[in-house]
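Single-structure report; data block below.
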Amino acid sequence: MDFLIRHETAAYMRLRLQRGRFTAHEAEVLEYALSGLKGISGVRLYPSSGGISFSYEGGPGNREIILRKLRDMQFENVKLLARGIEDTIDAEEIARRKLSPEIKDRLRRKVLVETAADILMPMPLQVGYHLYQLVTLKNL
């Protein structure tokens, strides 16, 4: 990964990526990767400017190890993992989505039919039916 050191103290470093900006999903992957490096704590990312700041422990010897690991990190791998995150639906998106009235009615009917069947069927048939649904993962 190509970067410039913008500011540095004995226990803090602020970097700027040469490639510039990165996405929020890339930031999530970078934060996970940087937090996992030994000696690094307090990672902060600035996606709009391509900045990374973190605190580290261990003095100059650990500084060189951290810088070497950062230089060896391939940003293409970060992009690849971020693309995998982008393809998933997060909790915020699920909360934003609305179900149409037709789908809600269909779900209500299905729940009512399932409830009635559970009340009216004898216990062995209920268990057999639910095991069948579980094994085949029908309608999931």
Side-chain angles (χ1 to χ4, degrees):
M1 188 164 60
D2 295 326
F3 57 87
L4 297 172
I5 299 173
R6 292 294 188 177
H7 178 74
E8 181 177 11
T9 64
Y12 173 83
M13 192 178 302
R14 185 168 39 92
L15 312 171
R16 176 81 35 96
L17 296 182
Q18 293 279 43
R19 69 180 306 277
R21 298 177 179 200
F22 47 87
T23 67
H25 296 295
E26 291 169 345
E28 189 177 337
V29 173
L30 275 172
E31 184 172 11
Y32 177 78
L34 294 175
S35 297
L37 291 177
K38 186 175 181 181
I40 289 185
S41 61
V43 177
R44 289 192 66 187
L45 299 165
Y46 306 93
S48 60
S49 65
I52 300 171
S53 65
F54 56 88
S55 302
Y56 64 95
E57 304 157 356
N62 196 28
R63 174 194 181 276
E64 294 305 319
I65 292 170
I66 291 170
L67 288 176
R68 188 178 71 240
K69 287 183 179 182
L70 287 173
R71 284 188 184 101
D72 291 343
M73 187 182 291
Q74 299 293 321
F75 202 82
E76 292 302 317
N77 294 340
V78 172
K79 285 173 142 181
L80 181 67
L81 292 171
R83 212 172 305 132
I85 293 172
E86 289 171 5
D87 293 339
T88 61
I89 299 174
D90 59 352
E92 180 183 324
E93 185 176 348
I94 290 173
R96 277 194 324 249
R97 289 186 177 187
K98 303 280 186 202
L99 292 177
S100 68
E102 297 84 25
I103 293 175
K104 286 182 181 180
D105 287 341
R106 207 172 341 149
L107 286 172
R108 281 188 194 104
R109 273 187 257 123
K110 184 173 181 176
V111 169
L112 285 173
V113 168
E114 288 277 335
T115 304
D118 284 342
I119 291 171
L120 299 174
M121 287 189 334
M123 180 62 88
L125 286 177
Q126 289 178 26
V127 171
Y129 174 69
H130 290 296
L131 283 175
Y132 170 76
Q133 283 184 318
L134 180 68
V135 170
T136 62
L137 296 176
K138 186 176 181 182
N139 297 326
L140 290 181

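Basis for what follows: all heavy atoms, side chains included, without hydrogens, waters or symmetry-related copies.
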Output the distance between atom [atom1] ([X]) and atom [atom2] ([Y]), rounded to the nearest 0.5 Å.
X	Y	atom1	atom2	result
Lys110	Leu112	NZ	CG	12.5 Å
Ile66	Leu34	CD1	CG	9.5 Å
Phe3	Arg19	CZ	CZ	14.5 Å

* Heavy-atom side-chain proximity of Leu125 to Pro122 below 4.5 angstrom -> yes

* **4.5 Å side-chain heavy-atom contact, Leu30 and Phe75** =>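 Yes, at least one pair of side-chain atoms sits under 4.5 Å.
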
Cluster check [X], [Y]: I/L/V/M/F/W/Y, side chain < 4.5 angstrom:
X	Y	answer
Leu15	Tyr46	no
Ile65	Met73	no
Met123	Leu131	yes

With sequence neighbours excluded, residues passing side-chain contact (heavy atoms from CB on, under 4.5 Å) with [X]:
X	value
Arg63	Ile5, Glu8, Met13, Tyr56, Leu67
Asn77	Gln74
Arg6	Leu4, Arg14, Arg16
Ile103	Leu99, Ser100, Arg106, Leu107

* Asked: Quick one: salt bridge (charged side-chain N to carboxylate O under 4.0 Å, His left out) pairs with a partner in residues 37-61, sequence neighbours left out?
  ->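 Checked against salt bridge (charged side-chain N to carboxylate O under 4.0 Å, His left out) - neighbours excluded - no pair reaches residues 37-61.
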
* Any chance you could lay out the side chain to side chain contact (heavy atoms under 4.5 Å, CB included) test for Leu17 and Ile52, step after step, and finish with the verdict? => CA-CA 8 Å; Leu17 296 182; Ile52 300 171; 4.0 Å; yes

Considering all heavy atoms of both residues, which atom of [X] and which atom of [Y] are nearest to each other, and what is their separation?
X	Y	answer
Ala27	Leu45	O-CD1, 3.0 Å
Val29	Ala82	CG2-N, 3.8 Å
Ser48	Arg21	O-CG, 3.0 Å
Ser53	Tyr12	CB-OH, 3.2 Å

* Please lay out, stage by stage, how Glu28 and Leu81 fare under the test side chain to side chain contact (heavy atoms under 4.5 Å, CB included). => CA-CA 10 Å; Glu28 189 177 337; Leu81 292 171; over 6 Å; no

* To do: Mind running side chain to side chain contact (heavy atoms under 4.5 Å, CB included) on Lys79 and Phe22 for me, showing each step along the way?
  => CA-CA 9 Å; Lys79 285 173 142 181; Phe22 47 87; over 6 Å; no

* Does a salt bridge link Lys69 with Asp72, judged by any charged N lying under 4.0 Å from a carboxylate O? ->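 So Lys69 does not pair with Asp72 through a salt bridge.
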
* To do: Sort and list the pairs that fulfil side chain to side chain donor-acceptor pair (under 3.5 Å) and have at least one residue in residues 111-128, not counting sequence neighbours.
  => Glu114-Tyr129, Glu114-Gln133, Asp118-His130

